[in-house]
Amino acid sequence: MTFEVNTSVLSRVDGSAELSVGTTKVITSVTGPIEPKIRQELPNLASLEIIVRPSLGVSTTREKALEDKLRSILQSIIIRYKYPRQLIQIVVQFLITENNINDNGSNQHNKDFTSTELNAAINCCYFALIDANIALYNSFSSTSICIPLDTKKENYIFNPNMNDLIVSESHHVICFSIKDSKAANLLLLESHGKFSEDQLLLAIRKAGDECESIHNTYQRKCIANKVENDFIWKS
C-alpha cells in the first residue's frame, strides 16, 4: 500500500493534511474553534460543518452522502463539549489524479468513490484534526477491503485499486477507534455487494488489525513529529 501524508500544508487554516492512499489523493483543512452563525450555534457543544468537494465538477448527492458519513464518525470522536457555542469547519478536497482523468462516469467509479475516496477522507481528517490540536476522545483509522470473486475467502485485498474493485464480489470501508494502540469500537461499516455473514465478520476482524497497523506505523509517527516541532523542551 502507498500511504503518504503531509501535515500543515495550508497556511490560512488551523490545521491541514494531504494524504495519498494508492491512486487517491485528498487534502483536508480544519478551521476552528471559531464563532458560528446563529443557526449553527449549540449551547453546550461545538457544531460541525463538513464540506466535501470533488476533484472534478461541482458537488452532487455523492458528496453530501460522504459528508454525512464523516459527520457520523467525527461527532462521536471529537470532544465537542470542550468548545461550547463554537464551530469546527472541516473541508475535504479531492485532488485530480490519473483515475479522475480516465473516469467516464460509469458505475465502476461509484465503486471507487465508495471505497477508496471515503477511506482516504476518513484518514485524512484524522491527520488534519491532530494538526489543528482539536481534542479527541480516541484516535481513529480506516481501511478499505474487498472480497474477490475467484479466491478463497481468507484472501482479502486491502486498499484495492480500480481493477480489484471491478472484479470483487463485495467491498467494505471499515473504521475503528484506537485505544492503547488497539482497535476498540467500530465507528463505521460501509458495505456494497454480495457477501455472507462469515465473510463480513472476517473482514471486520482483518480490518481491525489493519487499522492498528495504520495507527502504529503512520499516526503515532505523525503525532511524534508534531510534538517535536511544536514544543521546545528544556535540556
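Numbers here simply count residues along the sequence, with the first being 1.
- Rounded to the nearest 0.5 Å, atoms CG (Asp131) and OG (Ser29) are 11.0 Å apart.
- Counting heavy atoms from C-beta outward, Lys25 and Phe94 have side chains that stay 4.5 Å or more apart.
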Run Thr28 and Val26 through side-chain contact (heavy atoms from CB on, under 4.5 Å) and show every step you take. CA-CA 7 Å; Thr28 299; Val26 61; 4.2 Å; yes
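- Between Phe176 and Thr143 there is no side-chain heavy-atom pair separated by less than 4.5 Å.
- No continuous path of hydrophobic side-chain contacts links Leu42 to Leu74 [ILVMFWY only; heavy atoms under 4.5 Å].
- Of all non-hydrogen atoms in Ala203 and Ile174, the two that sit nearest each other are O-CD1, 3.8 Å.
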Might you work through the side-chain contact (heavy atoms from CB on, under 4.5 Å) test for Leu187 and Ser76, ending with a clear yes or no? CA-CA 8 Å; Leu187 300 178; Ser76 63; 4.2 Å; yes
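- Under a hydrophobic clustering in which Ile, Leu, Val, Met, Phe, Trp and Tyr are joined whenever their side-chain heavy atoms come within less than 4.5 Å, directly or via other members, Phe127 and Ile79 fall into different clusters.
- With respect to the salt-bridge test (charged N to carboxylate O, under 4.0 angstrom), the residues Lys194 and Glu169 do not qualify.
- Hydrophobic clustering (side-chain heavy atoms under 4.5 Å, transitive across Ile, Leu, Val, Met, Phe, Trp, Tyr) keeps Ile51 apart from Val9.
- In this structure, Thr116 contributes its side chain and Asn159 its backbone to no donor-acceptor pair below 3.5 Å.
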Verdict with reasoning, Leu66 to Ile50, per side-chain contact (heavy atoms from CB on, under 4.5 Å): CA-CA 9 Å; Leu66 185 50; Ile50 300 175; over 6 Å; no
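- Under the 4.5 Å side-chain contact rule for hydrophobic residues, Val30 and Ile34 do not share a cluster.
- Residues Thr7 and Cys222 are in side-chain contact: their nearest non-hydrogen atoms beyond the backbone lie under 4.5 Å apart.
- Counting only N and O atoms by type, the side chains of Asn119 and Asn123 include a donor and acceptor under 3.5 Å apart.
- With hydrogens and angles ignored, the 3.5 Å screen pairs no side-chain donor or acceptor of Lys179 with any backbone N or O of Asn138.
- A distance of 10.0 Å separates OG of Ser142 from CD of Glu210, quoted to the nearest 0.5 Å.
- Between Ile88 and Glu49 there is no side-chain heavy-atom pair separated by less than 4.5 Å.
- In the model, Thr31 has no side-chain atom that pairs as donor or acceptor with a side-chain atom of Asp14 under 3.5 Å.
- Distance CD1/Ile122 to CG/Leu188: 5.0 Å, rounded to 0.5 Å.
- Here the closest non-hydrogen pair linking Leu95 and Glu18 is CD1-OE2, 3.7 Å.
- Nearest heavy-atom pair across Lys226 and Ile130 is CE-O, 3.0 Å.
- We find the SG-CD1 distance between Cys211 and Ile204 to be 11.0 Å, quoted to the nearest 0.5 Å.
- Considering all non-hydrogen atoms of both residues, Ile214 and Ser141 come closest at CG2-CB, 4.1 Å.
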From CA spacing to verdict: salt bridge (charged side-chain N to carboxylate O under 4.0 Å, His left out), Lys206, Asp209: CA-CA 5 Å; Lys206 287 179 175 290; Asp209 295 336; over 6 Å; no
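- A single hydrophobic cluster is seen to contain both Leu186 and Ile145, as judged by linkage of ILVMFWY side chains at heavy-atom distances under 4.5 Å, directly or through other members.
- Under a 3.5 Å cut-off, the side chain of Asn161 and the backbone N or O of Asn163 do form a donor-acceptor pair.
- Put simply, the side chain of Glu212 gets close to the backbone of Ala183: a donor and an acceptor are under 3.5 Å apart.
- With hydrogens and angles ignored, the 3.5 Å screen pairs a side-chain donor or acceptor of Gln93 with a backbone N or O of Pro54.
- No side-chain heavy atom of Phe3 sits less than 4.5 Å from a side-chain heavy atom of Thr217.
- The aromatic rings of His172 and Phe195 sit perpendicular to each other, their planes meeting at more than 60°, with 30° as the lower class boundary.
- Contact annotation: the side chain of Ser144 never approaches that of Leu118 to less than 4.5 Å [non-hydrogen atoms, C-beta and beyond].
- Rounding to the nearest 0.5 Å gives a distance of 12.0 Å between CD of Glu67 and CG of Leu48.
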For Arg53 and Glu63, what are the C-alpha separation, side-chain angles and deciding distance, and is it a salt bridge (charged side-chain N to carboxylate O under 4.0 Å, His left out)? CA-CA 7 Å; Arg53 295 170 178 161; Glu63 282 70 39; over 6 Å; no
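- Of the possible donor and acceptor atoms, one in the side chain of Arg80 sits under 3.5 Å from a partner among the backbone N and O of Ala46.
- Nearest approach of Ala120 to Leu19, heavy atoms of both residues: O-CD2, 3.5 Å.
- Side-chain atoms of Ser168 do not come within 3.5 Å of backbone N or O of His171 as any donor-acceptor pair.
- Side-chain atoms of Ser191 and Leu200, non-hydrogen and from C-beta on, do get closer than 4.5 Å to each other.
- A donor-acceptor pair is defined here as one N or O able to donate and one able to accept, closer than 3.5 Å; no such pair exists between the side chain of Ser170 and the backbone of Gly193.
- Contact of the Pro148 side chain with the Ile157 side chain is registered, since non-hydrogen atoms from C-beta on lie closer than 4.5 Å.
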Show your working on side-chain contact (heavy atoms from CB on, under 4.5 Å) between Ile77 and Ser177 and close with a plain yes or no. CA-CA 8 Å; Ile77 210 74; Ser177 64; 4.2 Å; yes
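- With hydrogens and angles disregarded, a donor-acceptor distance shorter than 3.5 Å links the side chain of Ser47 to the backbone of Gln40.
- Note that the CD atom of Gln86 and the CD atom of Glu35 stand 7.5 Å from one another [nearest 0.5 Å].
- Remark: the backbone N or O of Arg85 is not paired with any side-chain donor or acceptor of Glu41 at under 3.5 angstrom.
- Below 30°, between 30° and 60°, or above 60°: for Phe140 and Tyr126 the angle between ring planes is above 60°, a perpendicular geometry.
- Residue Arg71 qualifies as enclosed at atom CZ: its count of foreign heavy atoms under 6.0 Å is above 12.
- Between Cys146 and Leu165, the shortest heavy-atom contact is CB-CD2, 4.5 Å.
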